[in-house]
Asks: 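Here it is: the structure, laid out below.
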Amino acid sequence: MAFILDSFALTSPTVLLITPPLTQLNTPYPATAYIKGFLGGRGYAVTQADLGLELVLKLFSRAGLTRVFAEIEAGDFRLSDNVRRMMRLKNSYLSTVEPVVRFLQNKDSTLAPRICHSRYLPEASRFDNVADLETAFGTMGLTDQARHLATLYLEDLGDLLKETVGPQFGFSRYAEKLGMSATTFDELHAALQAPPNLLDELLLELLDDLVARVQPDIVGFTVPFPGNLYGALRLAGRVKETSPATYTIMGGGYPNTELRSIKEPRFFDYIDFLTLDDGEGPWLRLLQAISCELLAISTPSDKHAQSNPNEKTIRYPLAANSLATLQRTFLRNATGEVEYINHPQPDIPHPEVGTPDYSDLPLGEYLSVIEVLNPMHRLWSDGRWNKLTVAHGCYWKRCSFCDVTLDYIGRYETAPAALLADRIEQIVAQTGQTGFHFVDEAAPPLALRELAIELLKRRTGITWWGNIRFEKTFSPDLCRLLAASGCIAVSGGLEVASDRLLALMEKGVTIAQVARVTDGFTQAGVMVHAYLMYGFPTQTTQETVDSLEIVRQLFQAGIIQSGYWHRFSMTAHSPVGRNPAKYQVAAIGPEPGPFAWNDLWHDDPTGTDHAQFGPGLAKALYNYLHGVALHEPLGFWFDFRVPKTTVPRHVVAQALQEPAKPDFAKQNQRLFWLGNTPELHVETGKKGGRAVLTFYEQAEDFELKVSATIGPWLHKLLTSLSSDYGTKILLKDAAQSFPAGQPFGQFLESAAWLTLREKGLLVL
């Protein structure tokens, strides 16, 4: 047995994980870091690479653009006037592209004044509608202005590529059309069989160098979006061509939603194993099976193989007993048919998935871009955010438009706050970056509360943001606690601002509740982004207009700072998709095929013509976001007649005026003090004296005057709370130790208590 274990260790496969083009330019997509952290913790040798970033860096260099311009000049392309202009400015692009990339990598901030003020950048069509940058960024936002202009410059070059040598190029949607609603594999297969274009060639050159350096036994591809599929398959085909003994594996969000019923055998010309849902379990089973095969190959019986023990010219199929143990895995079997194997084994618990490992990604090479002048969208594209999951799945998992039947939403598991804080500290040590994006479907409020307390207890100075539900558990005090722990922004689904439709969606929130929660976050200094939806089944014209009125009131009240309208899409794995009749719609296509199956076409006979509202809703939101035209009638935004709103103009304002629950009714809730320990000075006198507590805080100093009997009690309480954030004192515990002679409830209504509540004494 010892010999077998030692041999297994020696033949443990070398793994290469690849993020194909393109996801984000500013920060790594976390899927490979998750799997690397998990497998690395179990002793596997894992290398990861972001070939989307590397392609962009190779392309947007002097050498890369020289190849682009040369191929355009040698080719037979029909050029628009815009591209002709760019061709005439070739030398300007060649001389500026590398400085611009360095600037966006935060390696040369001194370039900002030239970009903004000296006509440094060549300009094409993306600059035609540049916003008033002075208004958008302010007179002091020089670097941000330059970053936005530099982003437009890159987008101009992207337009050049799409019109000529790389028709499938997109900074976040690379060949996306080929992967969207692709019920058959035909179009994608034809594209993959065509000769590679220049961008494909650059990508394959990067892969060849990477494979030569790593010499992997397994190459894994994460495909989170349709725009990653073509690149992944093009790369996998190259692996098959140059290294036929190497296994290829694919997983990610796209397979999890689109390929759950795949029957297309040609797909497996490129990919050996397609895994579903969380990758940790399937990868572990696959690696165990492949390790056994490598062990068999490493102990050959024939003389030729013995003389070339490391030669990998052929690959033997996995043994039947190994295949039988696979988990959530598609493959093409010996008869050429697609087979799904899911041996009944428990999932890897969320606390055991390990810490994401970003250690071998070139974090200093990512580009911080500003694509649109939306403050929340900027967080997605600007800054290098470490991605982390607070909990697996969604604790609510009822929304009727969401894929709640799938594992990544339907299986909810939490991890202890101390473990999450450990992971955060490990990632900061790896990356040197203290910014975190919690990528939960909806981060649970109680888990966030415990994590915030743990972060404050450890004095872990991170900055973070994430997605939530606007539920009442997010009290104003919890919002302040999260802000103190580093929260700068939250995004959440208001969806359709109609209580009838919110109930039909099973959102579990009301408009009034959303208003109070967003107000709590705003008052705590946390930016709020609202996901908005139009076109939900049975939504009428009147409800669409009324929803816009609610959104207008939310912006007018200043309690949301960002938003985005999405058109409702019916998916196969959502409650609407599974039971459309319940929502009074009918699925009308597409016909099921052997490849992808998720996005469904539907007819909404009782609803309005939803498509006509898109441009007007977007225009209104853009102006509301900038505080413009908040008092215009709603019909101003549409080029067709719409009914007047039936929503009273003060719905949101009235919701905010609803009285809060008094502190006296919170006896079982915990006290938390965000400030420092005060100094106590007791002054004696004929009437019993008084106590003065002096507080020294970051922004101000202030004094609190109470009676001489209450002063020492209050000082002791605040000292205990501020010296250790782990101290758990309930309000009723404080009441029991309160000095005799004055009702505790009366003190909870005093000016001193209200001042403390304002300055950072929380009850939660």
Asks: Among pairs that include at least one residue of residues 61-71, which meet salt bridge (Lys or Arg N to Asp or Glu O under 4.0 Å), considering only residues two or more places apart or in two chains?
Replies: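 Output for this query lists Arg67-Glu205.
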Asks: Among all residues two or more places apart in sequence or in another chain, which pass the side-chain contact (heavy atoms from CB on, under 4.5 Å) test with Pro224?
Replies: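 Pro224: side-chain contact (heavy atoms from CB on, under 4.5 Å) contacts with Thr23, Tyr29, Thr222, Asn228.
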Asks: Test of understanding: with side-chain hydrogen bond (donor to acceptor under 3.5 Å, both in side chains), list the residues that count as partners of Arg238, not counting sequence neighbours.
Replies: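 Testing Arg238 for side-chain hydrogen bond (donor to acceptor under 3.5 Å, both in side chains), a comparison that skips the adjacent residues, returns Asp208.
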Asks: List the atom of Trp283, the atom of Leu17, and the distance in Å for their closest heavy-atom pair.
Replies: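 Taking Trp283 first and Leu17 second, the nearest heavy atoms are CH2-CD2, 3.6 Å.
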Asks: Please list, chain by chain and in numerical order, all residues satisfying side-chain contact (heavy atoms from CB on, under 4.5 Å) with Thr47, sequence neighbours excluded.
Replies: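 Once residues adjacent in sequence are excluded, the partners of Thr47 under the side-chain contact (heavy atoms from CB on, under 4.5 Å) criterion are Leu16, Val214, Asp360.
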Asks: Applying side-chain contact (heavy atoms from CB on, under 4.5 Å), can you list everything that pairs with Asn467, at least two apart in sequence or on another chain?
Replies: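 If we apply the side-chain contact (heavy atoms from CB on, under 4.5 Å) test to Asn467, skipping adjacent residues, the hits are Ser491, Tyr531.
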Asks: Using the test ring pair (Phe, Tyr, Trp, His ring centres under 6.0 Å), find all partners of Phe401 that sit at least two apart in sequence or belong to another chain.
Replies: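 Partners of Phe401 by the ring pair (Phe, Tyr, Trp, His ring centres under 6.0 Å) criterion come out as none, since no residue qualifies.
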Asks: Which residues pass the side-chain hydrogen bond (donor to acceptor under 3.5 Å, both in side chains) test with Ser562, not counting sequence neighbours?
Replies: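 Expected list: Asn374, His529.
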Asks: Under the rule for side-chain hydrogen bond (donor to acceptor under 3.5 Å, both in side chains), what residues qualify as partners of His437, not counting sequence neighbours?
Replies: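 Residues passing side-chain hydrogen bond (donor to acceptor under 3.5 Å, both in side chains) with His437: Lys387.
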Asks: I'd like to check the side-chain hydrogen bond (donor to acceptor under 3.5 Å, both in side chains) partners of Thr242; sequence neighbours left out, ordered by chain and number.
Replies: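 Applying side-chain hydrogen bond (donor to acceptor under 3.5 Å, both in side chains) to Thr242 gives none.
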Asks: Can you name the salt bridge (Lys or Arg N to Asp or Glu O under 4.0 Å) partners of Arg213, sequence neighbours left out?
Replies: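 With sequence neighbours excluded, Arg213 shows a salt bridge (Lys or Arg N to Asp or Glu O under 4.0 Å) to no residue whatsoever.
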Asks: State whether the number of non-hydrogen atoms from other residues, nucleotides or ligands found under 6.0 Å of Tyr564 atom OH is greater than 12.
Replies: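 Not more than 12 within 6.0 Å, no.
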Asks: Which residues pass the salt bridge (Lys or Arg N to Asp or Glu O under 4.0 Å) test with Glu73, not counting sequence neighbours?
Replies: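 Listed in chain order: Lys90.
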Asks: Salt bridge (Lys or Arg N to Asp or Glu O under 4.0 Å): which pairs involve residues 158-168, sequence neighbours left out?
Replies: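 Residue pairs passing salt bridge (Lys or Arg N to Asp or Glu O under 4.0 Å), neighbours aside: Arg126-Asp159, Asp159-Lys162.
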